[in-house]
2 protein chains.
Amino acid sequence: MARPRSQGPQTRERILDVALELFIERGYDRTSLRDIAQRLGITKAALYYYFERKEQIFIELHLRLHAIAGVILDEIEAVGDGSERVAAWPAMVSRLIVEMTENRNLMLMHRRNQTALVTLYTNEANLLQHEALEARLDRILSSPAITLEQRVRMAAAIGAVTEVFFDSGSAFDHVPPAELRACLQAVVADLLGTQRAPAPA
Amino acid sequence: MARPRSQGPQTRERILDVALELFIERGYDRTSLRDIAQRLGITKAALYYYFERKEQIFIELHLRLHAIAGVILDEIEAVGDGSERVAAWPAMVSRLIVEMTENRNLMLMHRRNQTALVTLYTNEANLLQHEALEARLDRILSSPAITLEQRVRMAAAIGAVTEVFFDSGSAFDHVPPAELRACLQAVVADLLGTQRAPAPA
DNA sequence: GTCTATATTTCGATAGAC
DNA sequence: GTCTATCGAAATATAGAC
C-alpha cells in the first residue's frame, strides 16, 4: 500500500493545519472552503464530513488558544490580588513568552481575525467563554489593590512582548531566538521591578 | 429650505464616517455596501456616485493613517541612526500617544482589519506605500548602530502604548485620560532611560 | 444625486451516487 | 470518505430612469 491505513483522523488534523495557514495568510473571511479543500487536494464537500460548518473550523482552532490563556489566568489568579500578584507578574510574562513562541501560529490567527471573532461569538454560546477570558484580564488590571502605575507597568509588559513577537515585522528576525527572549525578559524584568518613589501629593 | 445647499461633499464625508464606524464594529469584510447605505438612509447605488469601488472607501480611510505615520517616521529619521535616535525616542513616543488619542478610530480600524489590508494591497499600487512604511520602521529597529537591548526597549515602548490604549479592554476606562497619559509617559521614559551596564562578554 | 432593477459572481451548505 | 451536481443567499457592481 502506498499510504498507511485509516487516514481519517489525520485528515481532520490536516484540515485544521491548512485552515490555520490560510486564516493567517488571507484571513477567515477571505478564505473559502474551496481554498482549503484545494490546498489539501480534496473537494469542498469532503470538508463537511469532518466539520458541520465553516465556523467550527475557526472556533476549534480558537478554543486551543482559549485553553492556553485559561491556564495562565488560573495561575495568576491563584495568588492574592495585591502586591503578591505584582510580584508574580514577571513569571507570568515568562510563561507568556514561552506560550507565544510555541503557539505562534494560533496567536497570529487570533490577532489577524479580530473582527471575525467578534461577529462569530455574537451568535455563539462560546461568547461566554470568550468574554470571560477578557473580563478576567480586565479585572486583574483594574484591581484597586494595585497602584495605577504598577497596573500600567503590568499591561506594558504584555504589550512589550506582543510588539516584539508579532508587530515588529522582521526587525528582530536575524537575532537568535534564545538571545531575543533573554533580552526581552531582562527588559520586562526591569520594567516591572523598578519602583518609583511615591509622587508627592 | 429645510437643509443647506449642496450636500454633496458633506455626504461623501458622512459616508466615510459611517464606513469607519462599521469597519470597526463588524470589520471591512463583514460590512456590505447595503449596511453603509442603510445607516445613512440612502441606497447602495448612491454610494457609487462618490466611490468607484468598495475598496476605495477603505483605502481612503487607511491613507489618512498613512499620512500620520509618515510624518512621525519623517521626524525620527531626520536624526542620526545611532545614539541620537535613541535619545529622540521618548519624544517620538509622546507624539505617538497624542496621535493615537486623536485618531483612535482610524487606529482601531487598522488594527481590526489586518487581513483585509494584506489582501487589498496585494493588487494595488498602494502596496508600495504600505510596505514602505513598515519597512522604514523595520529599518529603524534593525539599526546596527544601536544595541539589541536598546532596540528591544524602543519596540517595547511602542507595544506598551498600544497595549494600554487598544488591547487592555476597559481596564483603564475609569482613569482620567490625562492621568493615564502622564502615567504611561512616565513608565515609557523609565523603560527607555534605564541604561544597563554592558554585559560581560 | 438618488433611485429601481438587474447582471454577475462567489460562497456556504445539501443531496445523493460511489 | 470522497465525489459530482446543485440550491439559495448575499455580495459587488452596472444600467438607466427621474
Side-chain angles (χ1 to χ4, degrees), chain A residues 1-23 25-62 113 115-117 119-124, chain B residues 1-19 22-23 25-62 113 115-117 119-124:
Chain A
M1 298 102 178
R3 58 184 83 169
R5 294 276 61 202
S6 173
Q7 65 178 13
Q10 301 177 20
T11 302
R12 194 186 149 89
E13 204 59 32
R14 280 178 60 219
I15 292 172
L16 288 167
D17 286 344
V18 166
L20 178 57
E21 288 175 12
L22 287 168
F23 293 165
E25 292 173 18
R26 314 181 193 175
Y28 174 80
D29 287 313
R30 300 175 102 89
T31 299
S32 69
L33 293 177
R34 193 179 137 277
D35 291 332
I36 298 174
Q38 202 165 27
R39 188 171 287 197
L40 280 165
I42 60 179
T43 62
K44 191 178 55 171
L47 297 175
Y48 282 92
Y49 178 81
Y50 298 96
F51 299 92
E52 287 185 3
R53 291 169 291 131
K54 182 192 177 189
E55 293 181 357
Q56 282 203 345
I57 302 178
F58 186 74
I59 290 179
E60 191 154 322
L61 288 168
H62 191 237
N113 290 280
T115 53
L117 269 180
T119 48
L120 278 190
Y121 280 118
T122 296
N123 305 325
E124 295 288 330
Chain B
M1 297 103 176
R3 58 184 82 169
R5 295 277 62 202
S6 174
Q7 65 178 11
Q10 301 177 20
T11 301
R12 193 185 150 89
E13 203 61 31
R14 281 177 60 218
I15 292 172
L16 288 167
D17 286 344
V18 166
L22 287 168
F23 293 164
E25 292 174 18
R26 315 180 192 175
Y28 174 79
D29 287 313
R30 300 174 102 89
T31 299
S32 69
L33 294 177
R34 191 179 138 279
D35 291 332
I36 299 175
Q38 202 164 28
R39 190 171 286 199
L40 279 166
I42 60 178
T43 62
K44 195 178 49 172
L47 298 175
Y48 282 92
Y49 177 81
Y50 297 97
F51 299 92
E52 287 186 4
R53 290 170 291 131
K54 182 192 177 190
E55 294 182 358
Q56 282 203 346
I57 301 178
F58 186 74
I59 291 178
E60 190 152 324
L61 288 168
H62 191 238
N113 291 281
T115 53
L117 268 180
T119 47
L120 279 191
Y121 280 118
T122 296
N123 305 325
E124 294 289 330

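Throughout, protein chains are lettered first and strands after them, A, B, ... in sequence-line order, and every chain is numbered starting at 1. None of the values given here were measured: they were computed from a predicted structure.
Side-chain proximity of Tyr50(A) to dG12(C), dT2(D), dC3(C): nearest is dT2(D). Candidate nucleotides dA13(D), dA13(C), dC3(D) were compared by shortest atom distance to the side chain of Lys54(A), and dA13(C) ranks first. When each of dT4(C), dC3(D), dA13(C) is scored by its nearest atom to the side-chain atoms of Leu33(A), the top-ranked nucleotide is dA13(C). Comparing dA13(C), dA13(D), dT4(C) by their closest approach to the side chain of Ala45(B) singles out dT4(C). Looking at the side chain of Tyr49(A), the nearest of the listed nucleotides dT2(D), dT12(D), dT4(C) is dT2(D).
OP1 or OP2 of dC3(D) lies within a sub-4.0 Å distance of a side-chain N or O belonging to Thr43(A).
As rounded to whole Å, 16 Å separates atom P of dT8(C) from atom OH of Tyr48(B). Taking atom NZ of residue Lys44(A) and atom C1' of nucleotide dC11(C), one finds them 7 Å apart after rounding to whole Å. Distance CG (Leu47(A)) to P (dT14(C)): 13 Å, rounded to an integer number of Å. The separation between Gln38(A) atom CD and dT2(D) atom P is 17 Å, rounded to whole Å. Rounded to whole Å, the distance from CZ on Arg14(B) to P on dG1(C) is 13 Å. Distance CZ (Phe51(B)) to P (dG1(C)): 13 Å, rounded to an integer number of Å. Rounded to whole Å, atom P of dT12(D) lies 9 Å from atom CD1 of Ile57(B). Atom pair Arg26(A):CZ and dT10(C):C1' shows a separation of 14 Å (rounding to whole Å applied).
Between Tyr28(A) and Phe58(A), the ring planes are tilted. Angles from 30° to 60° get that label.
Between Ile36(A) and Leu22(A), the closest side-chain pair of non-hydrogen atoms falls below 4.5 Å. Using a 4.5 Å heavy-atom cutoff, the side chains of Leu120(A) and Arg30(B) are in contact. Using a 4.5 Å heavy-atom cutoff, the side chains of Leu47(A) and Ile15(A) are in contact. Residues Phe51(B) and Ile59(B) fail the side-chain proximity criterion, which asks for heavy atoms closer than 4.5 Å.
DNA chain C is contacted by both Asp35(A) and Glu52(A); Asp35(A) maps to the nucleotide lying nearer its 5′ end (nearest heavy atom per residue).
Heavy atoms of Ser32(A) sit under 4.0 angstrom from primed sugar atoms or phosphate atoms, though from no base atom.
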